[in-house]
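I am attaching a structure below and will ask some questions about it afterwards.
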Amino acid sequence: MNEDEMLSVGIADLPNQRHKIVSRNGAALTLMLCGESGLGKTTFCNTLFSTSIKPHMDIETRRSKHTEKSVEIEITKAELEEKNFHLRLTMVDTPGFGDFINNTGCWESILEFIEDQHESYMRQDQQPDRTKIIDMRIHACLYFLRPVRNGLRPMDLEAMKRLCKRVNLIPVIAKSDMYTRRDLAMYKTRIAQVLDYHQVSIYKPSIDEGDPVFQRQIQGIISAMPFAIVSSEEDTRTADGRIVKGRKYPWGTVEVESEEHCDFKQLRNLLIRSCMLDLIQRTEDIIYEQYRQEQMQVRQYGEPKLRTIDNSKFKEEEESLRRRFTEQVRQEEARFRQWEQRLIAERDNLNKDLEAQHVQIKQLELEIERLKLNSSSRKR
Ligand SMILES: Nc1nc2c(ncn2[C@@H]2O[C@H](COP(=O)(O)OP(=O)(O)OP(=O)(O)O)[C@@H](O)[C@H]2O)c(=O)[nH]1
């Protein structure tokens with residue numbers, strides 16, 4: 001035993017114990033992919049984990065989904081292992097999101113799903129036996145963007161405004177190989193400005209003050225936000241003969257992993273290497289805690305969740321039904337009013353006839369009276 005060991009009580013060994021526990025238990029990460037169809041969500045997911053976790057949707061299913069007019073929730077689970085560390089991964093896709101001409105409120109079913117996971121966890125946490133808790137709380141929502149001249153489409157802004165309160169929101173510019181360097185830089189600046197102006201709080205990793213290497217890494221990640229990504233499941237050969245994941249064009253190869261070409265590497269660092277624990281911890285300590293506190297203020301123990309958000313698609317249908325019903329009632333009322341007026345007019349006519357006949361009878365009666373008087377005076 002050296003002098004240092006003799007003097008210390010052993011607290012410094014705690015990180016090693018922690019490391020052993022975490023290595024043994026592995027981790028569970030739940031990611032949500034949000035964004036309109038065809039922006040490369042499936043490709044990104046498979047590129048990120050270098051396996052075919054998510055199958056691509058075939059054209060026919062994609063086409064039929066476009067006519068369904070609803071946002072679905074599609075869950076894919078996978079177990080990944082690297083150097084004896086197990087990651088239980090859950091990917092939540094949202095087919096149908098933002099795919100329609102009128103996308104009003106399409107974020108609501110997604111928001112409801114996210115809140116339902118907090119709710120489900122809260123309910124299980126209130127039970128006496130908490131050994132079998134199923135935790136599907138979303139640790140990060142990757143929001144795939146198709147940028148426009150002034151930064152963001154109104155729908156994306158509205159959706160992100162709501163999502164950022166319930167989940168670690170990470171906006172990404174999808175298929176960034178489609179834009180020139182200049183346009184991409186402009187989009188990045190504008191998106192950041194718009195998000196800032198509208199107070200959409202996107203996820204920012206916390207910087208560990210003590211570790212300068214880690215600090216530099218995190219600063220690199222933050223400065224790359226919003227990430228502009230390129231994904232590809234294909235291996236391609238570069239001009240200098242390397243085999244890389246990339247997209248081949250007549251003018252050259254876009255390398256997924258090159259920081260010169262896109263921010264894929266920074267995003268992967270954030271999600272898997274540097275900030276996975278921070279994402280999980282922030283979900284638990286800040287986002288879930290806020291949800292729990294809000295609910296506890298308006299509900300009593302065991303009371304079901306107040307469903308303030310109804311699916312807007314149903315709301316629209318309900319509204320149009322209500323309008324149709326009101327219109328039908330209005331038409332029927334007008335028909336009855338006409339019918340009533342006709343009846344009243346007919347009654348008035350009949351009354352007039354009756355009155356005329358009454359007058360006629362009275363005259364005849366008078367005539368009879370007069371004739372009677374005449375005949376009796378003649379007899380006398
Ligand atoms: N240029 C370019 N194309 C991409 C990129 N990522 C994916 N793609 C292509 O875009 C098409 C759609 O990709 P998917 O990954 O199926 O898109 P998705 O968002 O999952 O679409 P849905 O399955 O309809 O929800 C495929 O042909 C991909 O090869 C990218 O970064 N750049």
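Heavy-atom basis, side chains included; hydrogens, waters and symmetry copies ignored. Remember, it's 1-based here, ligands and their atoms both numbered in the order they're listed. Residue numbers run from 1 in the order of the sequence given.
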Point to revise | Test: Asp263 and Lys188 ion pair at under 4.0 Å | key: yes
Check your understanding: Strictly under 4.0 Å, does any heavy atom of Tyr249 approach an atom of ligand 1?
Key -> yes
Review point. Can an N or O of Met178 be found at a distance shorter than 3.5 Å from an N or O of ligand 1?
Key: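 Between Met178 and ligand 1 (N or O atoms, distance only) the closest approach is not under 3.5 Å.
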Point to revise | Polar proximity ligand 1 side, Ser176 side, N/O cut 3.5 Å exclusive | key: no
Using distance only, find each side-chain donor-acceptor pair of residues 266-284 under 3.5 Å and give its atom names and separation, not counting sequence neighbours.
unit_1, atom_1, unit_2, atom_2, d
Arg268, NH1, Glu257, OE2, 2.9
Arg268, NH2, Glu257, OE1, 2.9
Ser274, OG, Gln217, OE1, 3.0
Asp278, OD1, Ser206, OG, 3.0
Asp278, OD2, Tyr203, OH, 2.5
Asp278, OD2, Ser206, N, 3.4
Asp278, OD2, Ser206, OG, 3.3
Arg282, NH1, Asn168, OD1, 2.5
Thr283, OG1, Asn168, ND2, 3.2
Thr283, OG1, Leu279, O, 2.6
Glu284, OE1, Arg137, NH1, 3.4
Glu284, OE1, Arg137, NH2, 2.8

Exercise for review: For ligand 1, note which part of Val230 has a heavy atom under 4.0 Å away: side chain, backbone, both or neither.
Suggested key: both
Check your understanding: Is the closest basic N to carboxylate O distance between Arg123 and Glu119 below 4.0 Å?
Key -> yes
Check your understanding: Is any N or O atom of Asp93, backbone or side chain, closer than 3.5 Å to an N or O atom of ligand 1?
Key -> no
Show which side-chain atoms of residues 353-368 pair as donor or acceptor with protein atoms under 3.5 Å away, not counting sequence neighbours.
unit_1, atom_1, unit_2, atom_2, d
Glu367, OE1, Arg370, NH2, 2.7
Glu367, OE2, Arg370, NH2, 2.7

Exercise for review: Before signing off on this row, confirm whether Gly40 and ligand 1 have an N or O atom pair separated by under 3.5 Å.
Suggested key: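 N/O-N/O distance below 3.5 Å exists for this pair.
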Check your understanding: Under a 4.0 Å N-O cut-off, is there an ion pair linking Lys245 with Glu255?
Key -> no
